[in-house]
A.B. asks: 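This is the structure I have questions about; it appears just below.
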Amino acid sequence: MSTPDTLTPVLTDNWDQDRSWTLAAYESQGGYAGLTKALKMKQDEVIEAVKASGLRGRGGAGFPTGMKWGFIPQDNPKPKYLVVNADESEPGTCKDIPLMMASPHTLVEGVIISSYAIRANTAFIYIRGEVLHVVRRLQRAVQEAYLAGHLGKDIHGSGYDLDLVIHAGAGAYICGEETALLDSLEGRRGQPRLRPPFPAVAGLYASPTVINNVESIASVPSIIDNGADWFSSMGTEKSKGYGIFSLSGHVTNPGQYEAPLGITLRTLIELAGGMRDGHELKFWTPGGSSTPLLTAEHLDVPLDFEGVGAVGSMLGTRALQLFDETTCVVRAVLRWTEFYKHESCGKCTPCREGTWWLVQTLARLEQGNGSEADLELLIDQCDNILGRAFCALGDGATSPITSSIEHFRDEYLAHLEHGGCPFDQAASTLFATEEVPA
Amino acid sequence: MTVSTSSTTGDRSTIEDLVTLTIDGIEVSVPKNTLVIRAAEQVGIQIPRFCDHPLLAPVGACRQCLVDVPDGGNGRPIPKPQASCTITVAPGMVVNTQATSAVAEKAQAGIMEFLLINHPLDCPVCDKGGECPLQNQAMSNGRGESRFHESGGTKRIYPKPINISAQVLLDRERCVLCARCTRFSEQIAGDPFIEMIERGALQQVGIFDPDRDERGTSERPRGQSGTAAEPFNSYFSGNTIQICPVGALTSAAYRFRSRPFDLVSSPSIAEIDACGSAVRVDHRRGKVMRRLAGDDPEVNEEWITDKDRFGFLYARQDDRLTHPLVRNEETGELEPTSWPAAFAAAAKGLAQAESVGVLTGGRLTAEDAYAYSKFARVTLGTNDIDFRARAHSAEEAEFLASDVVLRNDVSYADLETAGVVVLIGFEPEDEAGTIFLRLRKANQARGTRVFSLAPYTSRGLHKMGGTLIPVVPGREAEAITDVASNGDIALDRGGLILVGERTAEVPGALRAAADLSRSTGARLAWIPRRAGDRGALEAGALPNLLPGGRPAGDPAARVDLAAAWGVESLPETTGRSGNELLAAAAAQEVRGLVIAGVDLDDLPDPALARDALETAEFVVSLELRASDVTRAANVVFPVAPVADKAGMFVNWEGRVRTFGAVFDDPSSLPDLRILAGIAEELDRPLGFRTPAQARAEMTQVGPWDGPRAEIGTETERAASSTTGADSTAGAFVLASWKQSLDDGRMQDGDDNMRATARPAVVLVNATTLAGLGVAAGDPVTLTGPLGSLALPVGVADLADGVVWAPASAPGASVRHRVGPAGCAVTLEGGAK
């Protein structure tokens, strides 16, 4: 049994504080110290520090954050922008919303330091509009930051100006794709843009733009405050630092567990008090529904970019959805696929039409109709979508299907033999334990 | 021919950086930044595609053109198949298309299968069936059998079709969402009235409609929101139908009319305006079924206006004249007769009338105009001929002789390369749609600066990124002179001046424009509205000009032409302009009139024209359809519509646009054949009977190489006279022009097209509106010399004392019911 020392609360450290979302509470724990320090540094020193820390994008793709900042052409006369992607919409992913809910100032401080580094005078946080409570907390935090002089003109006498705009999206999964997010932020319909030009060259309003995930930006103050070495002392060789692991599903204590990258699911489940009483892990997603699902045999895979990649999946957003043996994988995959069908933006053919068809094929299989040949059809449909779609969302839609057929082919066939779903669907629900004995 | 056919498109042999790559094992060198799909076309490899269009920005939406790239030019393969419509070539790149790569072939077949799952496959009842890129490419690059159907799939269905404008219908089931139509509207026409709405497989093309729901099956009562929907009323909307790669967009005009494989296609030239756009006429059993844009990169690229596309039914109206008619002197009725009898009757009447003048209108082919010009000079012995069936002046005639005829030094290509373009009395979107598209393209792609001397910033000017140089109607001459010293415009040798025919309404303006061109070095082009105007000018259908730009007042020119024509001499008497001719007829100084294709209401003084027709002893009318002239004529000849004859138009560039006859109807005679018949009866023959013979003679006669006429004293006198209608107390000056879609007779027959015309509205500035005590959208009453008309009011950046109203809106014709442009009008709030 691991000790609680396995956890490394940094971003989540102040969440248990009384009214942790207020500026007073944040500053009482040393908040905005990183900003004070950063404003005394040269901009390029801040970028170098982030590069040296080895911080990789926390939104899923894991692109080195400092390198991304370095792509901004500083000789471009247009204004530079920082855009924070807070459109957290992936099924299972639930790290940014709690972070902004509990400690919005961590993000705001990160935005100021990051904008300073890339010489942006305007920054945006694009947040999904459904989480109104979080939007309000962020808005209040920005207001407090302005009043305290952390934002606005001549921040703390440094001569640096920054305006921060909170923009609420209208609720489209595609707007989490960075170029679609930019279109949406510009007031257009959110659909991914053709690249090149890349956002670093021509992003928001055709100007150089850095787009980072909430958690990436929120990690910046601690890196500046504690040093790049401190940050890179955590994690694994190529996946430095800590991250929030979001455990959900059939686990005793679901929630946010902040730990160094490279921790295993086995350790995390232990920390979360084990699987639901009397049940065993059947399958799980390492980083949201778009990452190919894994099974109990992958419990000891190090949860870093390389480790998860090596077993054919992706670290993604560390959204660990845990499903025990009561769950029908076909049913779970169909639900996810319905999500992708509903959220496909419609721009490209394979994602738009492919998800429409996948749902129908899967639904037939779940009902016990169809034949084994439909599995080959599904795999072929996925083959015709994967790598053919305009953006990564089409690819993501195929992951649960291909991985579930790989790991649970027999379960698909069982639906055909059984003439429908062989599972007791009620048994997988959270209220299943409350059932009255006969 | 009187105008050389050489184009001035400039030397394009600039050495471009070539990139060499290999496609399907074939090495090809193309300019850098070329898209792979274009490079493949160079070596004859056709990659299937839907969203890709060479004149639209790449989008990569349909994914049909996926190819395998085993070497991206850097020695490394690109792991995923690439959309060849968005990836540019690189040196050493290796591309394998469906022809040589199993990966590309499967990727394409997979996309095609996806495209078809929600497609209704209703090809047997679809207008596009037989000429459908989806149908064709599904055959060439798709799977034979549908696995979707086999697997029990259910298609997405919609009610169909829905109107996105009165003319354009949308069948959402057929749509493959390539976004060509929406991209055309945004990128080319600048009319983004259609856009993709909804998402996923329910994504669809839509218009702004507050009462719709996502499937368009709303039970909600229409208009519930209180906000009106905004249909796809673009002057260029028909192009979206043509570039739609499936049968999703159809026109009310052509829907269910015929099958493409039953059509015969003939190339032709649009007779609607002076742009000279190439069109393709599709016809079946002697009837034009539709018209499409021709592909002419130097002129209209692949676009035409809706008028060019849908405006062909005028030739099939019930009032079309079919037989020669001669008025029975006893009954006073027009009676059908034979062609020889009609020729004889016309000849006899004209001979008796002795003094005869000719009005030709602006719709003639150059050959027909030449025939009228020669008929006037040789057969009738007069210089009394004028093609200008609109406001005109002596100054204009001189300007045309000195600065326009025989010139062809400004081309469409020049519009794209000019640094600055100054528009004078010219609204390109309304008056020459193809020029509008080119100027917009120039502005979008190269930042060409457009300045317009106009009363207000029109939608068209806004879309061209243009700047208004505000002028009060009547004061254009001063404003033009001021352009030379305007540092913001900085007009110089790299600039162009486009002068619209309306400039003739203003004394001194054309002279000022010619001076501006001379003082700045900027080249000047004159843009008439009608297809035949420039050809008529070259053919000498003007009192002061003979064919080939020969000045009628120059004895040497007359001798030269007389020799070419084999006649002893040509009339020396100075000819009368159209206005003078009508006045002379009304005063019985001229006793006979030959009138061709003139709408009396287009003339500056329609009342005078009617008076002249009543008074004239003998009137010969050559017309397509019965008109006011028919009612007064003694002999009426039906003439062939453009589709029935070969000929040429000379467009605003001076570019000769020849076309063949679409139909071969022996009973449908071109004007020149009829004139030849009359001339022969009068024993003063024209020497030709067919367009080909006329063209041969025109070539032989050739252009004048002597000195050009100078813009003269006549003009100076006019310029010094008082200009325009000075506004008296409480009165406004009326600014007005004809919009693209209006009540013109050549738009008759397609009510759906006419329904997409812009709603008539009176424009005033904000101060005037406040003074009227009404809000925008409320009715106001405009009163002028002809009467009053109530129209909704709108706001624009007009000068104080100026009001704008459309000259010829369907059902609200200001030129008929209020007065001509430049007249004094009054304005009152409310409908009186």
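Any value given below was found using the heavy atoms of this structure, including those in side chains, with hydrogens, waters and symmetry copies removed. Within every chain, numbering begins at 1; the chains are lettered A, B, ... in the order of the sequence lines, protein sequences first and strands thereafter.
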A.B. asks: Return the minimal non-hydrogen interatomic distance between A:L194 and B:V59, and the atom names on each side.
C.D. replies: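 Nearest pair, atom of A:L194 first, then B:V59: CD1-O, 3.8 Å.
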A.B. asks: Is A:R409 atom CZ crowded by more than 12 heavy atoms from other residues, nucleotides or ligands, each under 6.0 Å away?
C.D. replies: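 Yes - once you tally the heavy atoms of other residues, nucleotides and ligands closer than 6.0 Å, there are more than 12.
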A.B. asks: Would a distance-only check, ignoring hydrogens and angles, find a side-chain to backbone donor-acceptor pair under 3.5 Å from A:R352 to B:A201?
C.D. replies: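 Side chain of A:R352 to backbone of B:A201: no pair is present.
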A.B. asks: Which atom pair, heavy atoms only, marks the closest approach of B:S151 to A:L377?
C.D. replies: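 Scanning both residues, the minimum pair turns out to be CB-CD2, 3.8 Å.
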A.B. asks: Show your working on salt bridge (charged side-chain N to carboxylate O under 4.0 Å, His left out) between A:D374 and B:R147 and close with a plain yes or no.
C.D. replies: CA-CA 10 Å; A:D374 284 345; B:R147 294 187 295 180; over 6 Å; no
A.B. asks: Which answer fits A:A172, side chain, backbone, both or neither, if we ask what part of it has an atom under 4.5 Å from a heavy atom of chain B?
C.D. replies: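 For A:A172, the contact with chain B is made by backbone and side chain together.
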A.B. asks: Begin with the C-alpha distance, continue with both residues' side-chain angles, and end with the deciding distance and a verdict on side-chain contact (heavy atoms from CB on, under 4.5 Å) for A:W357 and B:N118.
C.D. replies: CA-CA 9 Å; A:W357 189 5; B:N118 273 322; over 6 Å; no
A.B. asks: Quick check on B:T154 against chain A: is it the side chain, the backbone, both or neither that has a heavy atom closer than 4.5 Å?
C.D. replies: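 B:T154 touches chain A through backbone and side-chain heavy atoms alike.
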A.B. asks: Tell me, side chain or backbone of A:Q360 under 4.5 Å from chain B's heavy atoms, or both, or neither?
C.D. replies: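 Side chain of A:Q360 only, per the 4.5 Å heavy-atom cut-off to chain B.
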A.B. asks: Of all of A:K341, A:Q191, A:R364, which one pairs up most often with chain B through heavy atoms under 4.5 Å apart?
C.D. replies: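 If we count pairs closer than 4.5 Å to chain B, A:R364 comes out on top.
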A.B. asks: Considering residues at least two apart in sequence or located in another chain, which fulfil the salt bridge (charged side-chain N to carboxylate O under 4.0 Å, His left out) criterion with A:R331?
C.D. replies: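 Counting only residues at least two positions away or on another chain, A:R331 forms a salt bridge (charged side-chain N to carboxylate O under 4.0 Å, His left out) with A:E366.
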A.B. asks: Going by distance alone, is a donor N or O of one side chain under 3.5 Å from an acceptor N or O of the other, for B:Q203 and A:R189?
C.D. replies: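 Side-chain D/A pair, B:Q203 to A:R189: present.
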A.B. asks: Please classify the contact between B:P79 and chain A as side chain, backbone, both or neither, with a heavy-atom cut-off of under 4.5 Å.
C.D. replies: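 Neither part; nothing is under 4.5 Å.
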A.B. asks: What part of A:D380 gets within 4.5 angstrom of chain B, counting heavy atoms only: side chain, backbone, both, or neither?
C.D. replies: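 For A:D380, backbone and side chain are both near chain B.
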A.B. asks: Using a cut-off of under 4.5 Å on heavy-atom pairs, state which of A:G190, A:C348, A:C345, A:C351 scores highest against chain B.
C.D. replies: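 Ranked by contacts with chain B, first place is A:C345.
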A.B. asks: Between B:R199 (side chain only) and A:H342 (backbone N and O only), is there a donor and an acceptor less than 3.5 Å apart?
C.D. replies: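 Looks like yes, one N/O pair under 3.5 Å.
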A.B. asks: Are A:D395 and B:K80 side-chain neighbours, meaning at least one heavy-atom pair lies under 4.5 Å?
C.D. replies: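 In short, these two side chains touch, coming nearer than 4.5 Å.
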A.B. asks: Supply the atom-to-atom distance B:M112 CE to A:E353 CD, rounded to the nearest 0.5 angstrom.
C.D. replies: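 One finds 12.5 Å between CE of B:M112 and CD of A:E353.
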A.B. asks: Heavy atoms only: give me the nearest A:P350-B:R63 pair and the separation to one decimal.
C.D. replies: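 Minimum heavy-atom separation between A:P350 and B:R63: CD-CG, 3.5 Å.
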A.B. asks: For B:Q64, which atoms come within 4.5 Å of any heavy atom of chain A: side chain, backbone, both, or neither?
C.D. replies: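 No part of it gets close to chain A.
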A.B. asks: Would you give the length of the straight line joining atom CG of B:L177 to atom NZ of A:K347, rounded to the nearest 0.5 angstrom?
C.D. replies: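 Separation between the atoms: 12.5 Å.
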A.B. asks: Does B:K106 form a side-chain contact (heavy atoms from CB on, under 4.5 Å) with A:D383? I'd like the steps, not just the answer.
C.D. replies: CA-CA 10 Å; B:K106 178 171 189 300; A:D383 184 50; 2.8 Å; yes
A.B. asks: Among B:V176, B:L66, B:I117, which has the most heavy-atom pairs under 4.5 Å with chain A?
C.D. replies: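 With the most close heavy-atom pairs to chain A, the winner is B:I117.
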A.B. asks: Report yes or no: does A:T349 contribute a side-chain atom to a donor-acceptor pair with the main-chain N or O of B:I111 at less than 3.5 Å?
C.D. replies: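 Not a single qualifying donor-acceptor pair exists.
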